[in-house]
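Down below is the structure, laid out as structure tokens.
Atom set for the values below is all heavy atoms of this structure, side chains included, hydrogens, waters and symmetry mates excluded. Position 1 is the first residue of the sequence, and the numbers go up from there.
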Amino acid sequence: MIGRIGAGIALAVVLGFVTVFFAWPVGAMLLRGITNDAGALDLSTFGEVLTTGRTWAIAGHTLTMAALGTAGSVVFGIPAAYILYRTDFPGRSILRSVTLVPFVLPTVVVGVAFRALLGAEGPLGFLGLDQTTAAVIVAMVFFNISLIARQVGGLWQMLDPRTVEAARSLGASRARAFFTITLPALMPAIGASAGLVFLYCSTAYSLVRTLGSPGVGTLETEVFRQTQTFLDLRTAAVFSALQVCFVLVSVWLTQRLSRYTTTALRLQFPRRQPLSRTDWLPLGITLFAVISIILWPMVTLVERSLATDDGYGWDNYRLLATSSGSGFAGGTTAAQALEHSVKIAIDATLITLIVAILLALLLTHKVNSPMIARGQRFLDTFIMLPMGVSSVTIGFGFLVSIHAVSPDLGQSGVLVPLAQSVVALPLVVRSLIPILAAVDPKQRQAAAVLGASPGRILRTIDGPYLVRAVGLAAGLSFSVSLGEFGATSFLASPNYQTLPVYIVRLLNRPGAENFGMALAAAVILGVVASLALLVGERIRPQLRRTV
């Protein structure tokens with residue numbers, strides 16, 4: 001597929017990128033918490049922060065919200081997995097598509113949607129949940145129901161139903177058959193997806209910022225507070241290090257749970273059964289989740305963005321082209337912020353695609369050497385680390401490393417697309433690998449026997465597969481970069497704001513016009529991000545393979 005020289009160059013590019021723009025910033029951030037200004041080891045700040053009750057209150061609040069968000073996602077996600085992947089009924093594909101909506105939406109958009117739903121003027125304003133911990137937890141569930149449903153449902157539809165049928169014929173109730181046979185078989189998928197959800201919930205920085213810092217805050221909001229309010233980088237570094245430790249422990253526990261839980265039922269081709277009367281409970285839970293948790297906030301967001309004092313109209317959208325009603329937002333209009341976001345997302349997408357394609361080619365390259373195979377597995381694990389590290393930590397790491405070395409570079413906004421590409425890289429790589437791994441190695445071997453060079457093999461054998469995958473990868477990268485807020489909030493230039501940063505600033509300013517503009521901007525951001533992913537998914541050119 002690729003020659004030795006090409007593989008060496010690709011490896012150097014990938015390792016250089018990840019080292020400079022991930023390992024160095026994160027390492028510099030961690031060192032900041034245990035060294036003084038002279039660079040000598042100094043654990044005094046670490047000791048001061050870790051011995052205060054407020055620190056552990058913040059840590060406990062972060063973990064509690066993540067645990068409750070994970071539990072809610074599992075409670076609603078497992079019935080949805082059964083209904084959407086195991087049963088068949090009219091409208092199932094539409095219902096399944098609706099559950100995938102949260103996956104493509106920027107977190108800032110979701111935060112604003114729940115503010116519209118739970119705010120004083122919203123349909124559920126009477127509940128008093130606006131800017132509370134409960135609002136953040138419900139928003140976490142909104143995001144992660146589809147993740148649980150996809151991963152659990154993908155396994156569920158492949159399970160052989162004959163064991164369950166045998167248990168039912170021997171007198172076991174439906175509930176007993178589920179809890180004693182089906183549920184243990186699903187535990188690998190439930191454990192893995194729940195661990196991933198917990199990871200996402202514990203790093204849900206933008207949700208907390210847009211919905212309002214609840215209670216004592218979280219580890220990530222404290223990093224931002226210490227950095228931007230008190231300019232205390234060492235204390236912020238300690239909180240970042242604590243957050244990284246919690247994330248690594250959760251990843252380790254998830255891997256161990258997945259490793260020691262095996263699937264007892266034999267897999268088969270996907271099989272769905274007609275919806276029956278006995279399915280009323282999972283169907284009711286699924287419909288409640290889709291209507292109340294997913295659709296209602298999004299419909300309310302659109303409705304409130306059109307609401308004005310004189311009824312419904314486009315006033316909030318017209319204000320986006322001006323600075324009227326926006327208060328102080330750095331002199332940037334929402335329309336300009338969207339333009340900035342698109343330009344930055346394009347740059348980030350190009351960077352991400354270059355690195356991701358090289359990495360995917362390296363990871364799917366068939367090797368015979370056990371040592372090289374171990375190297376591939378290490379590289380695969382290493383490149384996934386940005387997914388387990390908060391974007392806030394990455395942005396803060398850029399601030400204390402590259403920005404510290406070159407303040408002019410840090411203030412220019414050049415680092416923003418680089419940080420966004422680091423955040424998007426693991427997801428994009430994971431979208432490319434299954435496509436390239438599907439290439440039959442015998443085709444490459446036959447081409448090599450016929451005298452084709454590694455470059456021609458790459459172009460004619462792997463190229464068509466790669467081109468088909470690049471569209472989706474580009475759409476995914478663009479969508480992630482467009483809505484990225486955590487790292488960008490540390491690095492965006494005041495004169496070159498992105499739309500997510502602009503929306504959060506609007507939310508933090510009093511006034512009905514500010515809130516209305518934030519709603520309208522969130523609708524536009526969500527539409528643009530969704531269209532980018534949809535267009536990217538449809539770019540699948542058919543290329544004729546020749547050698």
Side-chain angles (χ1 to χ4, degrees), residues 65-66 68-81 83-85 92-118 134-154 193-194 196-211 285-302 387 391 423-424 427 430-431 472 475-476 478-486 500 503 519 522-534 536-537:
M65 285 201 305
L68 292 175
T70 302
S73 301
V74 171
V75 167
F76 289 109
I78 291 178
I83 292 297
L84 299 177
Y85 290 86
R92 184 187 64 87
S93 59
I94 297 176
L95 190 63
R96 187 169 167 177
S97 299
V98 171
T99 62
L100 297 178
V101 168
F103 182 75
V104 303
L105 292 177
T107 52
V108 171
V109 174
V110 176
V112 176
F114 276 90
R115 285 285 296 272
L117 178 66
L118 302 174
V136 177
I137 293 172
V138 175
M140 291 176 177
V141 175
F142 169 95
F143 262 113
N144 295 300
I145 288 176
S146 60
L147 193 154
I148 298 289
R150 286 200 312 272
Q151 293 200 215
V152 177
S193 57
L196 193 57
V197 169
F198 184 87
L199 184 65
Y200 288 156
C201 290
S202 63
T203 57
Y205 170 70
S206 55
L207 284 181
V208 177
R209 285 292 307 276
T210 52
L211 288 173
I285 294 174
T286 301
L287 290 176
F288 173 82
V290 170
I291 295 173
S292 300
I293 301 179
I294 296 178
L295 285 179
W296 201 358
M298 304 315 302
V299 172
T300 302
L301 172 63
V302 177
M387 183 178 289
S391 60
V423 174
L427 294 174
R430 279 288 169 258
S431 71
L472 177 59
L476 180 61
F478 184 88
S479 180
V480 170
S481 299
L482 189 71
E484 204 285 319
F485 174 73
I503 290 172
L519 296 174
V523 171
I524 293 176
L525 180 62
V527 170
V528 174
S530 302
L531 286 177
L533 194 61
L534 180 62
E537 190 174 20

Decide yes or no on side chain to side chain contact (heavy atoms under 4.5 Å, CB included) for Val152 and Ser193, but give the supporting numbers first.
CA-CA 8 Å; Val152 177; Ser193 57; 4.0 Å; yes
Testing the basics here: between Ala80 and Ala149, what is the closest heavy-atom pair and its distance to 0.1 Å?
CB-CB, 4.1 Å
Main-chain N/O of Ala289 paired with Ser292 side-chain donor or acceptor, under 3.5 Å:
no
Could you tabulate the donor-acceptor pairs under 3.5 Å formed by side-chain atoms of residues 105-115, not counting sequence neighbours?
{"from": "Thr107", "atom 1": "OG1", "to": "Ser206", "atom 2": "OG", "distance (Å)": "2.2"}
{"from": "Arg115", "atom 1": "NE", "to": "Asp130", "atom 2": "OD1", "distance (Å)": "3.3"}
{"from": "Arg115", "atom 1": "NH1", "to": "Thr210", "atom 2": "O", "distance (Å)": "2.9"}

Nearest 0.5 Å please: distance from the CZ atom of Phe485 over to the CG atom of Leu207.
10.5 Å
Judged by atom type as modelled, is there a donor-acceptor pair below 3.5 Å linking the side chain of Ser479 to the main-chain atoms of Gly475?
no
CD1 (Ile78) and OG1 (Thr286) are apart, to the nearest 0.5 Å, by 11.0 Å
Between the CD1 atom in Ile145 and the CD1 atom in Ile294, the distance rounded to the nearest 0.5 Å is 5.0 Å
Considering only heavy atoms from C-beta outward, does the side chain of Phe76 approach that of Ile285 to under 4.5 Å?
yes
Do you know which two heavy atoms are closest between Ala135 and Leu118, and how far apart they sit?
CB-CD1, 3.6 Å
Identify each donor-acceptor pair in which a side-chain atom of residues 95-104 lies under 3.5 Å from a protein atom, sequence neighbours left out, and give them as a table.
{"from": "Ser97", "atom 1": "OG", "to": "Ser93", "atom 2": "O", "distance (Å)": "2.9"}
{"from": "Thr99", "atom 1": "OG1", "to": "Arg96", "atom 2": "O", "distance (Å)": "2.6"}

Looking at Gly486 and Ser391, what are the two nearest heavy atoms and their distance?
CA-OG, 3.4 Å
Please lay out, stage by stage, how Leu519 and Val523 fare under the test side chain to side chain contact (heavy atoms under 4.5 Å, CB included).
CA-CA 6 Å; Leu519 296 174; Val523 171; 5.7 Å; no
For a side chain to side chain contact (heavy atoms under 4.5 Å, CB included) check, start with the C-alpha distance between Leu525 and Leu482, then their side-chain angles and the critical distance, and finish with the verdict.
CA-CA 8 Å; Leu525 180 62; Leu482 189 71; 3.7 Å; yes
For a quick test of reading the model, state the closest non-hydrogen atom pair linking Asn144 to Cys201 and the distance between them.
ND2-SG, 3.5 Å
Quick one: closest heavy-atom pair of Ala66 and Thr70, and the distance?
O-OG1, 2.7 Å
Which heavy atom of Met140 sits nearest to which heavy atom of Ala204, and what is that distance?
CE-CB, 4.0 Å
Distance, nearest 0.5 Å, that separates CZ of Phe288 from CH2 of Trp296:
9.0 Å
